[in-house]
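Read the structure below first, then the notes.
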Number of protein chains: 2
Amino acid sequence: MADVAARAGVSLKTVSRVVNNAPHVQPELVERVLAAVAELGFRRNPQASSLRSGQPSATIGLLIEEIANPFYATIAGVVAEIARQNDTMLIIASSEEDPDREQQLLREMCTRRVDGLLVVPAGDDHAFLRAEIELGTPMVFLDRPAGGLIADTVLLDNRGGARDGMRRLLEAGHRRIGILLDSLGVYTMRERLDGAQDALAPAGVPYDTRLVRDGIRGPSAAARVVSEMLDRPDAPTAFFSLNNRITLGVIEELHRRGSDAALLGFDDFDMAGLVPYPLTVIAYDTRELARAAAELLFRRIEGDRSWPRTVVLPTELVARGLAPR
Amino acid sequence: MADVAARAGVSLKTVSRVVNNAPHVQPELVERVLAAVAELGFRRNPQASSLRSGQPSATIGLLIEEIANPFYATIAGVVAEIARQNDTMLIIASSEEDPDREQQLLREMCTRRVDGLLVVPAGDDHAFLRAEIELGTPMVFLDRPAGGLIADTVLLDNRGGARDGMRRLLEAGHRRIGILLDSLGVYTMRERLDGAQDALAPAGVPYDTRLVRDGIRGPSAAARVVSEMLDRPDAPTAFFSLNNRITLGVIEELHRRGSDAALLGFDDFDMAGLVPYPLTVIAYDTRELARAAAELLFRRIEGDRSWPRTVVLPTELVARGLAPR
DNA sequence: GTGAAAGCGCTAACAC
DNA sequence: GTGTTAGCGCTTTCAC
């Protein structure tokens, strides 16, 4: 910058003004400075600038479980777009469901002085972020609540959705309903299981633990569990799958053996049109989840200091068809 | 930092040394400094640090078309992982296929002094990056070549793959093969179309422009085109779809009308198992594409100044079944 | 082994 | 309108 000033025959400050489009500079000087900038290939260093002026970094951080997963990719896409609308850069990192890694990545983002943080929690203790929040870094948690922290949160109505789904299966006359879920260590799975149970008592159906199978990690595991359950003498007449990877495996197994058991799934399908038969699901608006969280974060960054709020977004039962008992 | 020094009764420099884990500091002083750091909630400011020391920012930028698209989400996931292995943060932005936006985002990333750039080109002129490259910012282009720039590039063998696919259809006895593609403005589409044509002449089949339909934006448009082509008197006996969104539409339409026309698609399917019949595709390793590009970028960042190279990754014909003529 | 002083690139504050 | 000075938070250099 000093070189530019010398070449243009002006002071440092004038160069600074021109480079920052500040008003009240003689057009002639502006031209001279711009010419010098071009000749010398000068580029302003925003790091030094924000160091002195104390301006925010115009960067936010997004921590998700796994970028390649379509659910998180959708979230990342929406957040990226809203960040761009706010002239903000976006740093994305994956925790891979590892609490230690989550903590390390969040600390690193804070160290880099991001203006705000969007977090899908992996661990269940986020107390280490309290100091950061008090220091003034806004944070919004989405899809799952933070552990040990009162903070802005945007969630889906997992429990209500699962209750609705179970109710539908009961209305169709089913009494023996297999409930398939991933690890109970995951918040959303616990909520969905609770919701499914909520619907049983009002219908006068006892809760039978033999019909609940957790720890199902993927489609093939789901297919095996379904196969096994259907081979039992008191086989379920319907299945409630608590996420779409499990649903996929159930479809394949039911289709493979030509079973007429009913199936209802949590999470919608992109390719629902290709499924061998109409599938009723509990759907929700992933984009709206991300939008609500990102908008809330930017309101905080703009200075909104009101009490932390928790937003719960509705789910919707999309009835495409369901085998009766 | 000055406060910490005062509280610990040492100099600024000693605090600096402790904070940076520099050797040759008395354990006693280390403890005093650490205590002061904890009490005052001090956090080192890496911006100021790198300003003085001129160290790299430990950040790379990734520019893709659209984060939510599974192809780019897969790339982003691999790049994020390799960035993490190199203790580097990742900034992701979407060009949405808009050259102006691409230029704006790349400029912004350069301004922020990223250590390197991974770019899926949207526009066809990247000469504006030449100054940046000469200034020492490494860049690797992937999936499509940069325009007007000699630079590191990692591509897929689109042309060879399409040639293989077309050859397979010809071997199955088809002579009237409908070729369906998205906009010819996209590099990969042009390459794939060229490859498809490459296979015709050796088989003695003339190139019939009425069998080629471009500008197909999505599944429903593809379904309409297929419907229309099948209604003609000289209907194709086979279709070659040049991307998977088009393939999806073709499947739906063929399935809807119970047509026995053959179909071969470029791009593999996640849910190939759910498609109503076995589908032969030209597949490739998206993760390997991203891995090769990211590894090359980090080698450049580490100082590799050898001549720019272009890597072309092979495609593979995955034969799952194909209707004969 | 530790400290004092200079300076990274830029901008706030104020003088002219 | 423009220039001068000081200083953002840290690290470098070099003296002790």
Side-chain angles (χ1 to χ4, degrees), chain A residues 1-59 108 110-115 132 135-137, chain B residues 1-59 108 110-115 132 135-137:
Chain A
M1 195 149 134
D3 297 343
V4 173
R7 178 140 191 152
V10 298
S11 76
L12 267 180
K13 183 64 212 177
T14 301
V15 177
S16 171
R17 282 200 252 265
V18 171
V19 168
N20 291 287
N21 296 315
H24 310 307
V25 184
Q26 282 192 7
E28 188 195 318
L29 291 188
V30 174
E31 285 212 11
R32 282 204 340 243
V33 170
L34 256 28
V37 164
E39 284 165 36
L40 272 51
F42 167 83
R43 294 180 314 148
R44 176 171 165 282
N45 182 336
Q47 310 237 67
S49 165
S50 76
L51 175 59
R52 176 65 239 236
S53 63
Q55 283 157 10
S57 60
T59 306
E108 176 64 24
C110 290
T111 294
R112 295 193 177 219
R113 304 288 205 274
V114 292
D115 297 343
E132 199 61 42
L135 236 122
T137 307
Chain B
M1 195 149 134
D3 296 343
V4 173
R7 178 142 191 148
V10 298
S11 76
L12 267 179
K13 179 63 214 177
T14 300
V15 177
S16 172
R17 281 200 253 266
V18 172
V19 168
N20 291 288
N21 297 315
H24 310 306
V25 184
Q26 283 192 7
E28 188 195 318
L29 291 189
V30 174
E31 285 213 10
R32 278 198 348 237
V33 171
L34 256 29
V37 164
E39 284 164 34
L40 271 50
F42 167 83
R43 294 178 316 148
R44 177 170 163 282
N45 183 337
Q47 310 237 63
S49 165
S50 75
L51 175 60
R52 175 66 239 236
S53 61
Q55 283 158 8
S57 60
T59 306
E108 177 64 25
C110 290
T111 294
R112 295 191 178 222
R113 305 288 206 274
V114 292
D115 297 344
E132 199 60 43
L135 239 123
T137 307

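By convention in this document, chain letters (A, B, ...) are assigned in the order of the sequence lines, proteins followed by strands, and residues within each chain are numbered from 1. Note that the coordinates shown come from a computational prediction; the quantities given were computed from them, not determined experimentally.
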Set of side chain to side chain donor-acceptor pair (under 3.5 Å) partners for [X], sequence neighbours left out:
X	value
A:T59	B:R112
B:E132	A:R43, B:T137
B:D115	B:S57

Over all atoms of both residues, closest heavy-atom pair of A:L12 and A:A5
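So the minimum-distance heavy-atom pair works out to N-CB, 3.9 Å.
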
Can you list the residues that meet the side chain to side chain contact (heavy atoms under 4.5 Å, CB included) rule with B:R7, with sequence neighbours excluded?
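For B:R7 the side chain to side chain contact (heavy atoms under 4.5 Å, CB included) partners, ignoring immediate neighbours, are B:A36, B:E39, B:L40.
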
For DNA chain C, what residues of residues 41-48 of chain B have any heavy atom nearer than 4.0 Å?
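Under 4.0 Å from DNA chain C: no residue of residues 41-48 of chain B.
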
Which residues in residues 26-39 of chain A have at least one heavy atom lying under 4.0 Å from any atom of DNA chain C?
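The answer is none.
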
With a 4.0 Å cut-off (strictly under) to non-hydrogen atoms of chain B, the first and last hit nts on DNA chain C, 5' to 3', are C:dG1 to C:dG9

To the nearest Å, how far apart are [X] [atom1] and [N] [atom2]?
X	N	atom1	atom2	result
A:L51	D:dT11	CG	P	12 Å
B:L12	D:dG7	CG	C1'	14 Å
A:R113	D:dC8	CZ	P	14 Å

So what is the end-to-end bend of the helix from C:dG1-D:dC16 to C:dC16-D:dG1, with 5 pairs used at each end and the value given to 10 degrees?
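Between the axes fitted at each end of the helix from C:dG1-D:dC16 to C:dC16-D:dG1 lies an angle of 30°.
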
When we call it a touch if two heavy atoms are under 4.0 Å apart, what does B:V19 touch: a base, just sugar-phosphate, or nothing?
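If one applies the 4.0 Å heavy-atom cut-off, B:V19 turns out to touch nothing in the nucleic acid.
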
Mind checking the OG-CG spacing from A:S50 to B:N45? Nearest 0.5 Å is all I need.
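One finds 8.0 Å between OG of A:S50 and CG of B:N45.
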
Looking at B:S49, I'd like to know whether one of its side-chain N or O atoms comes within less than 4.0 Å of OP1 or OP2 on D:dT11.
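Result: yes.
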
All N/O pairs under 3.5 Å across the protein-nucleotides 13-16 of chain D interface:
none

Please output the side-chain donor-acceptor pairs of residues 14-24 of chain A that fall under 3.5 Å, not counting sequence neighbours, one pair per line with the distance.
residue: A:T14; atom: OG1; partner: A:S11; partner atom: OG; Å: 3.3
residue: A:N20; atom: OD1; partner: A:R44; partner atom: NE; Å: 3.1
residue: A:N20; atom: ND2; partner: A:S16; partner atom: O; Å: 2.6

Pairwise salt bridge (Lys or Arg N to Asp or Glu O under 4.0 Å) hits with a residue in residues 21-34 of chain A, at least two apart:
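Counting only pairs at least two positions apart or across chains, the salt bridge (Lys or Arg N to Asp or Glu O under 4.0 Å) contacts touching residues 21-34 of chain A are A:E28-A:R32.
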
